[in-house]
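Here the structure is laid out as structure tokens; the discussion comes afterwards.
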Number of protein chains: 2
Amino acid sequence: MRIGELSERTGTPRRLLRYYEEQTLILPDRSANGYREYDERIVDRVMQIRGLLDAGLPTRIIKQILPCLDKPKVIHISDATPEMIATLELERDRMTSRVNCLTRNRDAIAEYLDAVRGDVRSAGAVARA
Amino acid sequence: MRIGELSERTGTPRRLLRYYEEQTLILPDRSANGYREYDERIVDRVMQIRGLLDAGLPTRIIKQILPCLDKPKVIHISDATPEMIATLELERDRMTSRVNCLTRNRDAIAEYLDAVRGDVRSAGAVARA
DNA sequence: GTTGACCCTCACATGGATGTGATGGTTCGA
DNA sequence: TCGAACCATCACATCCATGTGAGGGTCAAC
């Protein structure tokens with residue numbers, strides 16, 4: 001597919017698809033006329049990129065973790081340098097921290113919303129508690 | 001405490017503490033000489049802000065969700081406008097998405113790391129699975 | 001063969017979080 | 001009283017993800 005379709009299917013501006021390519025997160029090939037040609041699988045990858053970006057990871061990090069998320073993992077095991085592994089461990093832990101932080105705060109928001117949605121009497125009861 | 005101590009205790013540059021104040025995420029009072037004076041509780045709050053920022057939330061949103069995370073929730077229930085509630089619900093869902101995305105990818109990284117750390121035979125076994 | 005809808009490559013702009021430094025006031029101990 | 005170590009404001013700089021648009025090819029349909 002070409003960039004327009006990918007853009008629509010992923011809800012991602014073309015500009016960003018080109019940007020992700022520039023950051024070497026994706027690597028479309030080109031048809032004779034120079035148009036980018038995207039593989040079907042790239043759809044999922046773009047979604048993943050967006051999700052991670054939205055979760056606060058910079059493209060530099062995403063670029064490093066993407067390769068080890070591909071299903072046939074073993075291919076990439078060979079070229080795992082010690083620094084690479086250290087980076088991944090660190091990033092894994094950072095992601096865990098993020099998950100914890102987000103979960104904690106989301107639960108608090110949910111709890112608040114539940115309280116607000118509850119009728120006034122129950123809210124008053126909470127107030128007196 | 002003054003800004004220097006808060007900075008050290010939270011690992012946050014002074015610059016950013018002032019920035020968060022400018023964004024009205026925190027509201028220190030001032031001593032006679034104009035120095036910012038921070039309450040003990042602000043330490044946790046700053047950590048929370050940093051965590052949320054790191055998880056990809058903009059200060060604008062953080063500002064909205066912080067009030068409903070304070071323990072005596074009920075105080076803020078009264079001034080909950082419908083738009084406010086809608087915003088919170090949306091943000092709660094966005095946070096859930098982020099948690100899912102992060103968890104998924106973190107688990108994949110962890111799995112990869114386990115595979116890399118494991119000996120070659122077990123990696124081969126995974127490959128054949 | 002022209003038009004419209006695609007695509008390309010620049011390149012400059014913006015917004016948000018952060019860095020850095022200039023300039024100057026306050027406090028406190030040597 | 002002087003100097004170090006705080007603090008203040010202000011302003012400009014940077015990085016990164018994104019927006020926007022100019023100037024120009026490609027191609028299919030009419």
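So you know, we letter chains A, B, ... as the sequences are listed, proteins then strands, and number each from 1. Predicted model only: the values in this text are computed from it and were never measured. Side-chain atoms are counted along with the backbone in the values below, which use heavy atoms only and exclude waters and symmetry mates.
When the C1' atom of D/dA8 is taken as reference, atom CD1 of B/Ile3 falls 9 Å away, rounded to whole Å. D/dC16 atom C1' lies 15 Å from atom CG of A/Asp54, rounded to whole Å.
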Per-pair distances, 0.1 Å, donor-acceptor, side chain in residues 20-28 of chain B, under 3.5 Å, sequence neighbours excluded:
unit_1, atom_1, unit_2, atom_2, d
B/Tyr20, OH, B/Arg50, NE, 3.4
B/Glu21, OE1, B/Arg36, NH1, 2.6
B/Glu21, OE2, B/Arg30, NH2, 3.3
B/Glu21, OE2, B/Arg36, NH1, 3.4
B/Thr24, OG1, B/Lys63, NZ, 3.4

CA sep, side-chain torsions, deciding dist, call: A/Asn105, B/Leu57, side chain to side chain contact (heavy atoms under 4.5 Å, CB included): CA-CA 12 Å; A/Asn105 285 284; B/Leu57 280 76; over 6 Å; no

Residue pair A/Thr59, A/Leu52: steps toward the side chain to side chain contact (heavy atoms under 4.5 Å, CB included) verdict: CA-CA 9 Å; A/Thr59 53; A/Leu52 291 171; over 6 Å; no

Evaluation steps, side chain to side chain contact (heavy atoms under 4.5 Å, CB included), between A/Met47 and A/Arg9: CA-CA 10 Å; A/Met47 306 279 232; A/Arg9 286 177 59 182; over 6 Å; no

CA sep, side-chain torsions, deciding dist, call: A/Arg45, A/Glu40, salt bridge (Lys or Arg N to Asp or Glu O under 4.0 Å): CA-CA 10 Å; A/Arg45 167 144 301 206; A/Glu40 186 66 26; over 6 Å; no

Worked check of side chain to side chain contact (heavy atoms under 4.5 Å, CB included) between B/Ile85 and A/Leu113: CA-CA 7 Å; B/Ile85 292 184; A/Leu113 284 171; 3.8 Å; yes

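For the side-chain contact (heavy atoms from CB on, under 4.5 Å) test, no residue two or more places apart in sequence or in another chain qualifies with B/Glu8. With sequence neighbours excluded, no residue forms a side chain to side chain donor-acceptor pair (under 3.5 Å) with B/Asp44. Qualifying side-chain contact (heavy atoms from CB on, under 4.5 Å) partners for A/Arg94, counting only residues two or more places apart in sequence or in other chains: A/Leu90, A/Glu91, A/Arg98, B/Asp54. For A/Ser97, there are no side-chain contact (heavy atoms from CB on, under 4.5 Å) partners at least two apart in sequence or on another chain. Legend: residues meeting side-chain contact (heavy atoms from CB on, under 4.5 Å) with A/Asp39, ordered by chain and number and at least two apart, are A/Arg41.
For the contact set between residues 87-103 of chain A and DNA chain D, defined by any heavy atom under 4.0 Å, there are no members. Applying a 4.0 Å cut-off to non-hydrogen atoms, the residues of residues 55-66 of chain A that approach DNA chain D are A/Pro58, A/Thr59, listed by residue number. Contacts with DNA chain C (heavy atom under 4.0 Å) in residues 43-52 of chain A: none are found. A heavy-atom distance below 4.0 Å to DNA chain C is reached by these residues of residues 9-31 of chain B, ordered by number: B/Pro13, B/Arg15, B/Leu16, B/Tyr19, B/Tyr20.
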Contact pattern, 5' to 3', of nucleotides 23-30 of chain D - B, S or - by protein heavy atom under 4.0 Å: --BBS---

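Heavy-atom minimum distance, B/Gly51 versus A/Cys101: C-SG, 3.6 Å. For the pair B/Ile3 and B/Tyr38, the tightest heavy-atom approach, listed with the atom from each and the gap, is CA-CE1, 3.6 Å.
For DNA chain C, the contact window with chain B, defined by any atom under 4.0 Å from a protein heavy atom, covers C/dG16 to C/dT27 in 5' to 3' order.
Just one of B/Thr96, B/Leu102, B/Thr103 meets the side chain to side chain contact (heavy atoms under 4.5 Å, CB included) condition when paired with B/Asn100; it is B/Thr96.
Remark: the backbone N or O of B/Met1 is paired with a side-chain donor or acceptor of B/Glu37 at under 3.5 angstrom. The backbone N or O of B/Thr10 lies less than 3.5 Å from a partner atom in the side chain of B/Thr12, making a donor-acceptor pair.
Of the inter-residue distances, the one linking A/Ile49 atom CD1 with A/Leu17 atom CG reads 8.5 Å to the nearest 0.5 angstrom.
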